**Student:** 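Before we start, here is the structure in question, set down as structure tokens.
Just so it is clear, the structure is predicted and the values come from calculations on it, not from any experiment. The analysis underlying the following values was restricted to heavy atoms, covering all of them including side chains, and did not include hydrogens, waters or symmetry mates.
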Amino acid sequence: MNQQPMMPDPDRNLALELVRVTEAAAMAAARQMGRGDKIAADRAAVNAMRLMFNTVDMDGVVVIGEGEKDEAPMLYNGEHLGTGAAPQVDIAVDPIDGTRLTALGLPGAIAVVALAERGTMHNPEHLVYAQKIAVGPRAKGVIDINAPVKDNLAKVARALDKEIHDLTVVVLDRDRHTELIRQVRACGARIKLITDGDIAAALATTADDAGEDILMGIGGSPEAVIAAAALKCAGGEIQCKLWARDEKERIKALDLGLDLERVLTTDDLVSGHNVFFAATGITDGQLLAGVRYAGDKARSTSIVMRSLSGTTRRILSEHRLDKLKLLTNIYE
């Protein structure tokens, strides 16, 4: 009788450990929902996320953190997180993707974390904005950020077996997008304008039932890297080009040797093969329900993904706050 060769045990799925990090951040932030204080919400999420990160067995370095845009004292670029044990990883965080949404009690805020092998995450440095286009798995391979809007919409519609007028294009509601919005409407496509949260919007393109087909426009470049990690896990695609807000920023980019015309692909943004992603809802959104409090319990909804296995899990967790308060004060 022939015996099958023994296969090595799979290494750890860090996404299942990272969900504890995003859950902690989401529950801390959700306590501040609707109170009108973005700073307090972000501070609560950052403190909770950092505390839980340092319980994870990993040697992590923050590549995409809070510091570049927010000048945060924690979760800054270059900070080391974890216990220091293997594996060595790059970390991208957004304790609240949608701080304004959280402060105003609006839908779509999430807590997000991504990991990849050390040295595989792109650092956009001082250029904190980028032009983006992102789609889910069914439209992967058909988009071109340099192509006209109408061409991209036509190709995505064909890939999704839809008419252009049935497409939903997600765009950040900013004055800089006036011409983009005009072109999308001229093609007959529908538009969903969002005030914040384009990581969640990019992630939503991967779900057939979310009703969001394509993300277009200019948003944060750190968020583009985190979105790339999520899309790599889910089989989608993002393309972006770094975008200078003014002439001073453009000149500085050129002095640093940055090519503002270079198209950064999913693999350029996150080149690793073993990528982990976790997100937990803070306020209700298309993909994730927000945190619910009931007496001494809280419920959270999360999504965790791993590129190596292609597995996506949705996790509904019930938390005993009386137990958690014995361990730390972040759940007060």
**Student:** With distance as the sole test, does Asp268 use its side chain to make a donor-acceptor pair with the main-chain N or O of Thr265 at under 3.5 Å?
**Tutor:**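 Yes, Asp268 side chain to Thr265 backbone: donor-acceptor pair under 3.5 Å.
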**Student:** Would you confirm whether Arg306, through its side chain, and Thr311, through its main-chain N or O, come within 3.5 Å as a donor-acceptor pair?
**Tutor:**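 Not confirmed, Arg306 side chain does not pair with Thr311 backbone.
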**Student:** Counting heavy atoms not belonging to Asp246, are there more than 12 under 6.0 Å from its CG?
**Tutor:**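 It does: Asp246 CG has more than 12 such atoms within range.
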**Student:** Check whether any side-chain N or O of Thr301 sits under 3.5 Å from a backbone N or O of Gly281 as a donor-acceptor pair, and report yes or no.
**Tutor:**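 No, because the side chain of Thr301 does not come within donor-acceptor range (under 3.5 Å) of the backbone of Gly281.
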**Student:** For the pair Glu179 and Arg182, find out whether any cationic side-chain nitrogen is under 4.0 Å from an anionic carboxylate oxygen.
**Tutor:**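 Yes, Glu179 and Arg182 are salt-bridged.
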**Student:** Before accepting this row, confirm whether a basic side-chain N of the pair Lys241/Asp259 lies closer than 4.0 Å to the acidic partner's carboxylate O.
**Tutor:**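 No.
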**Student:** Under a 4.0 Å N-O cut-off, is there an ion pair linking Lys132 with Glu223?
**Tutor:**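 The answer is no: the pair does not qualify as a salt bridge.
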**Student:** With a 6.0 Å cut-off (strictly less than), is the heavy-atom count around NZ of Lys297, excluding the residue itself, greater than 12?
**Tutor:**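 Count not over threshold, so no.
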**Student:** Is the number of heavy atoms from other residues, nucleotides or ligands under 6.0 Å of His165 NE2 greater than 12?
**Tutor:**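 Yes, enclosed.
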**Student:** Would you check if the side chain of Thr280 reaches a backbone N or O of Ser302 as a donor-acceptor pair within less than 3.5 Å?
**Tutor:**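 Looks like no, no N/O pair under 3.5 Å.
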**Student:** Please answer whether the main-chain N or O of Met27 pairs with a side-chain N or O of Tyr293 as donor and acceptor at a distance below 3.5 Å.
**Tutor:**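 Yes.
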**Student:** Got a donor-acceptor contact below 3.5 angstrom from the Thr168 side chain to the Arg190 backbone?
**Tutor:**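 Side chain of Thr168 to backbone of Arg190, a donor-acceptor pair under 3.5 Å: no, none is there.
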**Student:** Under a 3.5 Å threshold, yes or no: a donor from one side chain and an acceptor from the other, between Asp57 and Thr83?
**Tutor:**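 Checked: Asp57/Thr83 side chains pair up, N/O donor to acceptor below 3.5 Å.
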**Student:** Give a yes or no answer on whether the side chain of Asp90 reaches the backbone of Val63 with a donor-acceptor pair at less than 3.5 Å.
**Tutor:**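 Side chain of Asp90 to backbone of Val63: no pair is present.
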